[in-house]
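Report on the structure given below.
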Amino acid sequence: MQLIHALFVAALLACLALAHPGEKHNPAHLKREIAAQKAWAAHGKRALNTCARSESARALQARSIKRRELKTRELREKLAQSGKSHARRNANELSKWESTVHNKTGAYSSYDPAAVFNGEPSCILAPVITDGPYYIWGEYVRQNVVEEAYSQGVPMHVEIQYIDVNTCEPLPDLFVDIWQANATGVYSGISEQGNYAADGWNSTYLRGIQPTDKDGVAVFDTIFPGHYSGRATHTHLLVHSNATLLPNGTLLVNTGSITHNGQLFFNEKLRSAVEAASPYNTNTIEVTSNAEDMWAKQQASSQYDPFVDYAYIGDDISDGLFVWKQIGINSTADYINNSYYAIAGYIQEDGGFENTGAHSFSAGPSK
Ligand SMILES: *[C@@H]1O[C@H](CO)[C@@H](O)[C@H](O)[C@H]1NC(C)=O
Ligand SMILES: *[C@@H]1O[C@H](CO)[C@@H](O)[C@H](O)[C@H]1NC(C)=O
Ligand SMILES: *[C@@H]1O[C@H](CO)[C@@H](O)[C@H](O)[C@H]1NC(C)=O
Ligand SMILES: *[C@@H]1O[C@H](CO)[C@@H](O)[C@H](O)[C@H]1NC(C)=O
Ligand SMILES: *[C@@H]1O[C@H](CO)[C@@H](O)[C@H](O)[C@H]1NC(C)=O
Ligand SMILES: *[C@@H]1O[C@H](CO)[C@@H](O)[C@H](O)[C@H]1NC(C)=O
Ligand SMILES: *[C@@H]1O[C@H](CO)[C@@H](O)[C@H](O)[C@H]1NC(C)=O
């Protein structure tokens with residue numbers, strides 16, 4: 001067992017050199033974090049046997065089922081009214097259950113909201129992983145991060161629910177930062193080797209921030225992310241606690257804590273279905289599968305499933321997706337000094353800039 005663990009660590013360390021060119025990590029840190037993840041998994045199991053089965057946890061779950069059902073219905077009605085819906089699939093096909101647990105489209109069509117939206121049990125601690133080389137500080141609080149330019153793709157409505165693993169209660173008043181590559185694999189706000197955004201450091205497409213409500217829920221309208229070199233398809237999520245919202249709709253710099261740092265992943269079946277559609281099918285960058293991606297492996301634990309659940313909004317995937325995920329986090333943790341937290345750039349009144357200071361928040365943006 002120990003040997004296997006040692007081999008696993010050695011393999012991970014060997015992978016580091018091949019990982020993202022911009023992602024540098026200290027092997028000692030990584031070893032510590034792998035050990036910490038094992039401890040978290042054990043905690044998750046314990047928590048599940050205690051507070052996750054409580055009355056308030058069950059009531060929360062019931063509200064989540066209802067909320068996701070209403071949102072999916074609202075999105076479907078909007079699509080129907082827009083007249084943009086694709087031709088109806090025949091009834092037989094609609095009633096078919098999917099072989100993968102993540103695709104809830106079939107279940108939704110046969111109208112069993114509890115089966116669709118129940119999801120995995122709450123209170124599972126999600127491992128903390130890297131925010132990668134493309135995090136920008138200073139984005140606007142906005143639900144819709146789809147901009148007119150460079151944001152074409154399959155509409156993706158994301159519902160993330162944050163649960164405190166210490167109490168199994170939802171976490172309101174968090175600010176959740178979202179960012180991802182566009183359909184052809186380019187991030188906004190970064191203009192350097194490996195990622196030249198059109199409009200350079202000033203661009204902000206597919207980036208934004210949302211607060212969580214009383215049920216710990218943050219909602220975003222984005223698109224399904226495209227893939228880029230060396231990484232499996234993913235969407236970044238960073239959680240700020242106790243942050244201060246400024247009158248101009250951004251967060252005050254250097255306040256609050258970083259309570260979680262993670263990425264959403266999408267199973268291969270879903271990714272290949274989306275990427276068969278336009279404009280994803282014009283992306284010529286080689287695909288990296290989840291199995292080939294070290295961060296997808298790190299985001300998973302024996303208890304935590306890194307993949308989103310999803311349902312089609314219309315009959316065709318290009319009509320859009322509703323995706324959801326419940327993420328257990330440690331509300332008292334602060335990853336502000338963690339090696340996985342790095343700020344590549346920042347955007348302010350006079351535009352976007354590279355963070356030329358140390359890649360750590362304590363150094364702060366170089367303003
Ligand atoms: C993605 O962004 C890049 C540059 O920022 C742009 O050249 C490309 O056209 C965009 N792709 C789509 C599908 O908008
Ligand atoms: C954040 O705010 C909560 C109450 O909203 C408080 O209990 C907690 O101690 C605060 N954390 C920090 C790091 O200030
Ligand atoms: C999801 O499920 C629907 C309905 O069963 C099916 O038509 C669709 O092909 C599935 N998509 C994927 C990516 O598995
Ligand atoms: C949560 O974070 C606090 C502060 O870092 C730490 O003492 C505690 O062990 C963590 N709990 C879990 C379950 O990881
Ligand atoms: C982060 O590091 C700075 C500088 O060493 C220190 O002042 C601060 O207390 C640290 N914060 C946390 C949450 O550990
Ligand atoms: C928002 O306001 C803060 C505080 O005045 C300022 O530092 C920041 O540059 C502003 N951001 C934008 C995008 O205007
Ligand atoms: C970036 O935005 C700022 C503020 O709007 C503007 O002054 C600057 O000219 C822009 N830079 C580029 C390269 O577009």
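Counting convention: from 1, in listed order, for ligands and their atoms alike.
The distance criterion of under 3.5 Å between nitrogen or oxygen atoms is not met by D334 with respect to ligand 5. For the pair T250 and ligand 6, the shortest N or O to N or O distance does not fall below 3.5 Å. Here's the thing with Q348: none of its N/O atoms is less than 3.5 angstrom from an N/O atom of ligand 6.
When the options Y228, W295, Y134, F307 are evaluated for a ring-ring contact (aromatic ring centres under 6.0 Å, His included) with H234, the one that passes is Y228. The side-chain contact (heavy atoms from CB on, under 4.5 Å) test with I329 is passed by exactly one of N261, V165, L171: L171.
Here E55 does not pair with R58 in a salt bridge; the nearest charged N to carboxylate O distance is not below 4.0 Å. By the 4.0 Å N-to-carboxylate-O rule, E159 lies too far from K325 to be salt-bridged with it.
Close contacts of ligand 6 with L246, meaning ligand atoms under 4.0 Å from a residue heavy atom, involve 2 (O), 3 (C), 4 (C).
For the residue pair P127 and A300, the shortest heavy atom distance occurs at CG-O, 4.1 Å.
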Any protein N or O within less than 3.5 Å of an N or O in ligand 1? List each pair with its distance, or say none.
unit_1   : atom_1 : unit_2 : atom_2 : d
ligand 1 : 2 (O)  : N182   : ND2    : 2.4
ligand 1 : 2 (O)  : Y205   : OH     : 3.1
ligand 1 : 5 (O)  : A198   : N      : 2.8
ligand 1 : 5 (O)  : Y205   : OH     : 2.8
ligand 1 : 11 (N) : N182   : ND2    : 3.0
ligand 1 : 11 (N) : T184   : OG1    : 2.8
ligand 1 : 14 (O) : Y150   : O      : 3.4

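For an aromatic pair to be called close, the ring centres must be under 6.0 Å apart, and F322 with Y310 fails this. Between Y335 and Y341, the gap from one ring centroid to the other reaches at least 6.0 Å.
Classification of the Y205-Y150 ring pair by plane angle, with boundaries at 30° and 60°, yields tilted.
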